[in-house]
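A, B, ... follow the sequence lines: proteins, then strands. Residue 1 opens every chain.
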Amino acid sequence: MDTTPSSSDFIRETITEDLQAGRVSQVVTRFPPEPNGYLHIGHAKSIYINFGVADEYSGKTNLRFDDTNPLKEDSEYVNAIKEDVAWLGFEWDGLFFASDYFEEMYNRALLLINKGKAYVDDQSADQVRETRGTLTEPGQNSPYRDRTVEENLNLFERMRRGEFGDGQKVLRAKIDMASPNLNMRDPVLYRISHAVHHNTGDKWCIYPMYAYAHPLEDAIEGVTHSLCTLEFKDQRPLYDWVVRECEMPHVPHQYEFGRLNLSNTVMSKRYLKKLVDEKLVDGWDDPRMPTISGLRRRGFTPESIRSFVKELGITVAGGEVDYKLLEHHVRQDLNLRAPRTMAVIRPLKLVITNYPEGQVETLDVKINPEVPEMGMAQVRFSREVYIEQEDFMEVPPPKYHRLYPGNEVRLKDAYFVKCTDVIKDADGNVVEVHCTYDPETKSGSGFTGRKVKGTIHWVSCESAIPAEIRLYEPMLQEDADNALPFDERMNPDSLKVEQGYIGIDIKDAQPQEKFQFVRQGFFNVDPKDTTPDKKVFNLIVSLKSSFKIEQPNTKG
RNA sequence: UGCCGAAUGGUGUAAUGGUAGCACGACUGACUCUGAAUCAGUUAGUCUAGGUUCGAAUCCUAGUUCGGCAGCCA
């Protein structure tokens, strides 16, 4: 895959040392998503780190579903996650579920109880919270903290048998209610939840908490380096406590890296789910979503996502990456891979008054000038063509090289045309532009008589194929205050739908095929809404442009 | 006023006691049948104050700022 060496970082340094010192013989990592939503670009970083680092050291990586909370999890998410990881280009060694380990986890809990390291607490959730203390004050011991081993064993077994209702009892670790690390103040290990689990059905009514389950999962699978994001940093002592006190034969270690934050991007699974549930977007794969499936449908390539996250590196410093960097990577990838085509997004009819009526020419055009091997395609040219509305202005601003009355431009791959007339409707809107063309200026004829500053794209009216073109902007407003809740930052213009035209050269385009609409951007054939009768194109990313119209842009 | 962690151009990231570099962005210019791409260039940085050292982004001390942590979520 991506074989260029990555620079060193604290994780790779640790692994190198562990290998050299013989502490581990083979690197084993895992990517442990909870199947409670779809993966997003932030997960792509974690996936890249876990799979990529292991791969560099000829190690193994498991895909493990951290499914310890039946209330939020669903097999729909399991399938989506598997598809996304595979699409990104990673192959897992083992495919596991935390729920496969429930029996072993239960037995280890019994061990903890027998050692006097865990107890059943009858306090309510509220009481537990109230007695946990605060950031500056220690907590208080539970009145049930000193139950006998026998009593704890009996109670815990009855919890499992379903003798108690949700929330009536929990199993807690007995550590230190005065610890400055809140995670060590007798954390809950098991809670009661009479819920159907996507994998184990109704076999269990007690479920282990993440802090207890995760280290055991790692230990069971022989994970050597458990790589997670920074918010778990404070749990490290508890992680080590669980592995040690449960007397796991294999001892994994946890290392934390900074998660990815992207500018103007919702990276909260919870909020993304809300957008989906409230139908504010067209599902998890809405092209505006930062989900892997959304990016895929939008038209991003796995290669571009990989090279993007690779460039981020592995650090612990927090920050926010400009989404322009992601755009750069996809442009760079698609520039060499995407066929060029002329498509008109907002059409304006241009009539060539001195071109013979009824005449149609077939022109050969390069599919990708950057990559001659991609060959040639054919397009049609006739007396009437559609051009882009923004390529004509009746009153041009400074440095406007496109069409305006009296100005001559090239119709790309065809002829020079000079604007002679403007047709307007009753409201004064420009509805048609009239030009004359010069037959001597045909593309490829070698004409050098004069030059024009502008070249514009077009589609021949007689064979133009209507297409729906969807233009996207970030879901969050560019200049909104980051402190504001997402609801107040949503960009009302994140989706704009246009009815445009494509040429016959891409009439057979298939879902997920990507093109560069010349002078405009890269587009993907939408796989969901495209029908045999009508193609839908998603804007992946626009082309950069160094031309900015100065002052108010009142079209036409 | 608890614990943990982090601070290098606008953004991300290198430099592991020895010339502060790379990428993105922005801005110039060249080229151009894509105002793209490409090429050339410009811009701009070690949080602060002390200390150690021939020499500090790097080590030490203090401070400042930012982030994470008080789910029976993960």
Side-chain angles (χ1 to χ4, degrees), chain A residues 7-9 13 32-34 36 66-69 71-73 121 123-126 128-130 132-139 166-172 179-185 187-193 206-207 209-211 213-214 228-237 256 258-260 263 269-270 308 311-329 331-332 335-336 340 342 365-366 369-370 399-402 409-414 416 441 443-444 451-457 516-521 542-548:
Chain A
S7 65
S8 187
D9 52 73
E13 279 169 17
E34 183 190 15
N36 66 343
D66 215 342
D67 54 350
T68 57
N69 184 355
L71 264 18
K72 294 186 175 176
E73 295 151 9
D121 195 346
Q123 291 184 112
S124 68
D126 284 343
V128 169
R129 191 182 318 114
E130 283 160 17
R132 188 161 18 233
T134 68
L135 294 177
T136 52
E137 302 158 23
D166 292 1
Q168 283 189 357
K169 288 183 167 37
V170 289
L171 182 73
R172 286 231 256 173
S179 172
N181 181 342
L182 292 287
N183 296 111
M184 301 300 271
R185 319 241 262 226
V188 172
L189 267 21
Y190 271 89
R191 78 283 212 181
I192 297 171
S193 179
I206 57 171
Y207 292 91
M209 300 289 291
Y210 167 89
H214 206 86
C228 62
T229 46
L230 239 33
E231 66 267 30
F232 297 105
K233 177 81 176 174
D234 293 338
Q235 302 221 11
R236 188 138 107 179
E256 310 85 11
R259 73 184 316 154
L260 168 63
S263 60
K269 243 193 202 178
R270 203 188 118 270
F308 167 67
E311 185 178 349
L312 303 177
I314 307 175
T315 65
V316 291
E320 191 176 74
V321 178
D322 195 331
Y323 72 91
K324 283 187 168 68
L325 186 61
L326 210 207
E327 293 190 328
H328 167 257
H329 280 271
R331 279 194 196 101
Q332 189 175 250
N335 184 42
L336 295 177
R340 270 52 169 172
M342 292 194 286
V365 301
K366 290 178 181 138
E370 308 262 339
K399 295 183 187 166
Y400 187 77
H401 297 160
R402 283 108 99 145
V409 299
R410 177 186 289 283
L411 292 179
K412 187 172 161 57
D413 297 319
F416 284 10
T441 59
S443 186
K451 290 192 178 284
V452 288
K453 281 195 169 168
T455 298
I456 65 174
H457 61 275
Q516 184 195 96
F517 287 1
V518 161
R519 301 207 306 130
Q520 303 188 99
S542 61
L543 254 30
K544 292 204 294 184
S545 173
S546 59
F547 174 67
K548 280 146 195 125

What does [X] touch in the nucleic acid at a heavy-atom separation under 4.0 angstrom: a base, only the sugar-phosphate, or nothing?
{"X": "A/R402", "result": "base"}
{"X": "A/Y323", "result": "nothing"}
{"X": "A/G444", "result": "base"}
{"X": "A/E137", "result": "nothing"}

Exercise. Answer whether the closest heavy-atom distance between the side chains of A/L182 and A/L135 falls below 4.5 Å.
Key: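 When only atoms from C-beta onward are counted, A/L135 and A/L182 do touch, with a gap below 4.5 Å.
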Quiz prompt | Residue pair A/V316 / A/K233, side-chain heavy-atom distance below 4.5 Å | solution =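 The answer is no, as the side chains (C-beta and beyond) never meet within the 4.5 Å cut-off.
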Quiz item: A/R236: what forms a side chain to side chain donor-acceptor pair (under 3.5 Å) with it, not counting sequence neighbours?
Solution: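 A/E256.
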Quiz item: So, does the side chain of A/E13 form a donor-acceptor pair with the base of B/U16 at under 3.5 Å?
Solution: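 It does, because a donor-acceptor pair links the side chain of A/E13 to the base of B/U16 below 3.5 Å.
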Quiz item: Among B/U16, B/G12, B/U34, which nucleotide sits nearest the side chain of A/V321?
Solution: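 When the side chain of A/V321 is considered, B/G12 is the closest of B/U16, B/G12, B/U34.
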Quiz item: Short question: side chain of A/R259, backbone of A/T229 - any donor-acceptor pair under 3.5 Å?
Solution: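 Answer holds: no.
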Quiz item: With centres under 5.5 Å and planes under 30° as the test, does A/H401 stack with B/G35?
Solution: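 So A/H401 counts as stacking on the base.
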Quiz item: Can you give the dot-bracket line for RNA chain B, where a pair is Watson-Crick or G-U wobble with both atom distances under 3.5 Å, crossing pairs use [ ], and | marks a partner on another strand?
Solution: .((((((..((((....[..)))).(((((.......)))))....(((((..]....))))))))))).....
Presence of [X] side-chain N/O under 4.0 Å of [N] phosphate oxygens OP1/OP2:
{"X": "A/K412", "N": "B/U32", "result": "no"}
{"X": "A/H328", "N": "B/C24", "result": "yes"}
{"X": "A/K544", "N": "B/A37", "result": "yes"}
{"X": "A/R519", "N": "B/G35", "result": "yes"}

Quiz item: Does a salt bridge link A/E327 with A/K544, judged by any charged N lying under 4.0 Å from a carboxylate O?
Solution: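 Salt bridge absent between A/E327 and A/K544.
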Exercise. Round to the nearest Å and state the distance from A/L411 atom CG to B/U34 atom P.
Key: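 Result: 13 Å.
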Practice problem: Determine, for nucleotides 67-74 of chain B in 5'-to-3' order, which nucleotides have protein heavy atoms under 4.0 Å from the base (write B), from only the sugar-phosphate (write S), or from neither (write -). | Solution: -BBBSBSB
Quiz item: Only one of A/R270, A/K269, A/K72, A/E73 forms a side chain to side chain donor-acceptor pair (under 3.5 Å) with A/N36, so which one is it?
Solution: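 Only one of A/R270, A/K269, A/K72, A/E73 forms a side chain to side chain donor-acceptor pair (under 3.5 Å) with A/N36, namely A/K269.
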